[in-house]
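Report on one structure; see the data block that follows.
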Amino acid sequence: MPFPKNFLWGGATAANQFEGGWNEDGKGESVPDHITGGTREMPRHFTRNIEPNTYYPSHMASDFYHHYKEDIALYGELGMKVFRMSINWARIYPTGEDEHPNEKGIAFYHSVFQELHKYHIEPLVTMSHYELPFALSEKYNGWTDRRVIDCFLKYAKTIFTEYKDEVKCWLTFNEINIGAKFYGRLMSLGMRGKGGQIMFDPHETKEEINDRFTALHNQFVASAKAVVLGHSINPDFKIGCMIAGMQVYPYSCNPADAALAQEAMEMTNWFAGDVQVRGAYPFYAQSYFKKHDIHVRMEEGDAEILKKGTVDFYSFSYYQSAVVSTEALKKTNGNMMRGVRNPYLKASAWGWEIDPEGLRIYLHEVYGRYGIPVMIVENGLGTADEKSSDGKIHDDYRIDYLRQHFKAMKQAIEEGVDLMGYTMWGITDLVSASTGEMKKRYGVIYVDRDDEGHGDFHREKKDSFDYYKHVIETNGEDL
Ligand code: BG6
């Protein structure tokens, strides 16, 4: 049997994209509550005030807040072993600096964890999934200010202590490496800008770039301190990092393209993982900073903290691979977000190139580099689902996507990779982070909600539900 007996099959979500109840029971606003809906063509916008007559998808999202019991019952039926979710920081500390936590927020997650345990499902909790309390973004310009580290640690202490018997597996920051890119500025680091700007604004001043890498550094320090704190509260905790994993290929065998791909792999993938797994800034990051005249504000003692707070396992999201070319880069003044098209791969309707072999390659690279257990905590196909004449969603395209990725995982395990689990992204349909759409659906469970805010939130199983259930039942033997 290639999949180990205790392989953690599951599903993944994030509070701001799934939970809703954005201002209920004392929850404070978080940064995504200020980001409007968009589409693939029309970017989302960040507004400093909540504007009237404007649609903010996170406000109700998929309304897990009021549907968690039926959702978890469906996860039980699916046979899930693990459910990845995030705690919405502003539900616990509404402004991030409150003296006492919000009791109703604390109680909500207790209920969720209890419900999960009823079905023998382990929670895997992301402590911060693009969800900085909005007040911290306003007051401190997000993670650029070191004081946010202490706010995070206070929050960490509360949730570690409160849930220490209910949650064993934690991830500190979702896709922490995104902070190394301009598109992580608002979403990942909570750096607010003036307001009214698009979510992924590529324009950055020199100072903003310094601030961004400083903010990322502050997250590294916060993560390392949280790992140490977590282990002191419950030595059984398993605390992982979470990296946006992307296999980058050179467009041609021109060594210049190979060097560009190497730099992208280093600065996009490995940089953050190296800090969090190995406990120090890698040499190539130092040289990148020198070359680009980037100044990261660090303090004495930070290096020791990073060394001490290394993670127990490496987790990552994987959706697509990327191709980089020196020629194409010249044409876009170095501001490419996605690279160039790969002529060998098909892309989803949202342009994400589907590459299961890239997943196997990435698993090798990661496990070879770190030698610690690895977990895929996001993967899936985001696409529009149409109902057939029988009223059902026959999503054979999603089944096919999953099957191909499961086969790649199976092969990697046979080849010796210590893969501990897989949580499929958006197990129940939820809001897309990049476009704010519900239409870009990932789930094996459909949610009746559209992009204009219509729908009654009822849930329906898609064909992929039965497929995934069978995969879990047979522990991946029958794909
Ligand atoms: C990951 C994020 O980048 O990709 C998720 O951790 C996100 O929050 C997922 O939803 C898929 O991206 P999108 O933009 O299709 O929602």
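We count ligands from 1, going down the list as the structure has it; atoms in each ligand are counted the same way. The residues of the chain are indexed from 1 along the displayed sequence.
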_Under 6.0 Å between ring centres: does that hold for Phe173 and His129?_
no
Nearest protein heavy atom with distance in Å, relative to [atom]:
{"atom": "atom 14 (O) of ligand 1", "result": "Ser434 OG, 2.5 Å"}
{"atom": "atom 16 (O) of ligand 1", "result": "Ala433 N, 2.7 Å"}
{"atom": "atom 10 (O) of ligand 1", "result": "Gln17 NE2, 2.7 Å"}

*Could a heavy atom of Tyr442 be found less than 4.0 Å from some atom of ligand 1?*
yes
_Quick check on His129 - does any of its heavy atoms sit under 4.0 Å from an atom of ligand 1?_
yes
So that I can tick it off, tell me whether [Y] and [X] are bridged by a salt bridge, with the cut-off set at under 4.0 angstrom between side-chain N and carboxylate O.
{"X": "Asp33", "Y": "Lys27", "value": "yes"}
{"X": "Lys461", "Y": "Glu77", "value": "yes"}
{"X": "Arg360", "Y": "Glu357", "value": "yes"}
{"X": "Asp429", "Y": "Arg441", "value": "yes"}
{"X": "Arg91", "Y": "Glu24", "value": "no"}
{"X": "Arg341", "Y": "Glu353", "value": "yes"}

_Heavy-atom pair of closest approach, residues Ile106 and Tyr163_ = O-OH, 2.8 Å
Which atoms of ligand 1 are found less than 4.0 Å from any heavy atom of [X]?
{"X": "Lys440", "value": "13 (P), 14 (O), 15 (O)"}
{"X": "Ser432", "value": "13 (P), 14 (O), 15 (O), 16 (O)"}
{"X": "Glu378", "value": "1 (C), 2 (C), 4 (O), 5 (C), 6 (O), 9 (C)"}

Give the contacting part of [X] toward ligand 1: side chain, backbone, both or neither, where contact means a heavy-atom distance below 4.0 Å.
{"X": "Ser317", "value": "neither"}
{"X": "Trp352", "value": "side chain"}
{"X": "Leu430", "value": "neither"}

_Any nitrogen or oxygen of Val431, side chain or backbone, less than 3.5 Å from one on ligand 1?_
no
